[in-house]
Amino acid sequence: MIMNPDFPLHFDDRGRTSCATEEDHVRQMIELLLFTRPGERVNRPDFGSGLMQLVFAPNSPELAATVQFTMQAAIQGYLGDLVDLQSLEVISEDSLIHIELSYVLRRTGQLNSAQFSRQV
């Protein structure tokens with residue numbers, strides 16, 4: 001079994017690097033991808049979804065569609081070999097962004113869901 005470092009990086013009770021299961025690791029990768037701004041990574045300037053840049057735009061159905069489209073493209077582009085995205089919903093209320101998604105892990109065929117919220 002492959003063990004991946006847990007995010008954020010920390011130590012377990014034995015003083016070793018804490019590891020995450022495959023399901024948790026993929027969920028953590030999705031979260032990092034969604035909340036990273038393009039240009040934030042030095043060697044990967046296009047990595048990220050651009051979600052945080054759209055937070056301050058006027059809330060509208062067009063904005064929701066744009067956010068959803070850019071996030072789907074980012075997930076398929078960077079994590080498409082690991083997950084098959086089933087659904088994605090973005091809800092913006094005042095200064096809160098809430099994201100709900102479901103995906104299938106390609107290696108195991110396991111259906112997973114994740115929810116993320118950020119106060120901006």
Q: How long is the span from the CD1 atom in Ile75 to the OG1 atom in Thr70, to the nearest 0.5 Å?
A: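 The distance works out to 9.5 Å.
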Q: For a side-chain contact (heavy atoms from CB on, under 4.5 Å) check, start with the C-alpha distance between Arg106 and Val83, then their side-chain angles and the critical distance, and finish with the verdict.
A: CA-CA 5 Å; Arg106 289 189 184 268; Val83 300; 5.7 Å; no
Q: Would a 4.5 Å heavy-atom cut-off, applied to side chains only, mark Glu89 and Ile91 as touching?
A: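 Yes, close enough: below the 4.5 Å cut-off.
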Q: Ring of Phe11, cation from Arg16 - is the NZ or CZ under 6.0 Å from the centre and inside 45° of the axis?
A: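 No; the conditions do not both hold, so Arg16 does not lie above the ring face of Phe11.
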Q: Atom CE in Met29, atom CG in Asn4: separation rounded to 0.5 Å?
A: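 So the CE of Met29 and the CG of Asn4 are separated by 7.0 Å.
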Q: In sequence, state the C-alpha distance, the side-chain angles, and the governing distance for Leu79 and Ile30, and then conclude on side-chain contact (heavy atoms from CB on, under 4.5 Å).
A: CA-CA 8 Å; Leu79 302 175; Ile30 291 170; 3.5 Å; yes
Q: Give the minimum heavy-atom separation between Asp12 and Thr17, together with the two atoms involved.
A: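 Residues Asp12 and Thr17, closest heavy atoms: OD2-O, 4.3 Å.
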Q: What's the separation between atom CD in Gln110 and atom CD in Glu22, rounded to the nearest 0.5 Å?
A: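 That separation rounds to 8.5 Å.
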Q: Give a yes or no on whether the backbone of Met71 and the side-chain of Ser49 come within a donor-acceptor separation of less than 3.5 Å.
A: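 Answer holds: no.
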Q: Kindly say whether Leu88 contributes a backbone atom to a donor-acceptor pair with the side chain of Gln68 at under 3.5 angstrom?
A: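 Present.
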Q: Using side-chain hydrogen bond (donor to acceptor under 3.5 Å, both in side chains) as the criterion, list what pairs up with Tyr103, not counting sequence neighbours.
A: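 side-chain hydrogen bond (donor to acceptor under 3.5 Å, both in side chains) check on Tyr103 returns nothing, list empty.
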Q: Let me confirm one number: the CD-CD distance from Gln115 to Glu31, rounded to the nearest 0.5 Å.
A: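 One finds 12.5 Å between CD of Gln115 and CD of Glu31.
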Q: Quick one: side-chain hydrogen bond (donor to acceptor under 3.5 Å, both in side chains) partners of Glu40, sequence neighbours excluded?
A: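 Glu40 satisfies side-chain hydrogen bond (donor to acceptor under 3.5 Å, both in side chains) with no residue once adjacent residues are dropped.
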Q: Is it possible for you to say whether Phe35 and Leu33 belong to one hydrophobic cluster, with membership spreading through side-chain heavy-atom contacts below 4.5 Å?
A: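 Both belong to a single hydrophobic cluster.
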Q: Can you name the nearest heavy-atom pair linking Asp46 to Tyr78, along with the distance?
A: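 Heavy atoms of Asp46 and Tyr78 come nearest at OD1-OH, 3.0 Å.
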Q: What distance do Leu34 atom CG and Leu101 atom CG have between them, rounded to the nearest 0.5 Å?
A: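 That separation rounds to 6.5 Å.
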Q: Measure the spacing between CG of Asn112 and CD of Gln86 and express it to the nearest 0.5 Å.
A: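 Reported value, rounded in 0.5 Å steps: 10.5 Å.
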Q: So that I can tick it off, tell me whether Glu23 and Arg27 are bridged by a salt bridge, with the cut-off set at under 4.0 angstrom between side-chain N and carboxylate O.
A: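 Result for this pair is no, no salt bridge flagged.
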Q: Assigning hydrophobic clusters by single linkage (Ile, Leu, Val, Met, Phe, Trp, Tyr; side-chain heavy-atom cutoff under 4.5 Å), is Val104 placed with Ile99?
A: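 No, separate clusters.
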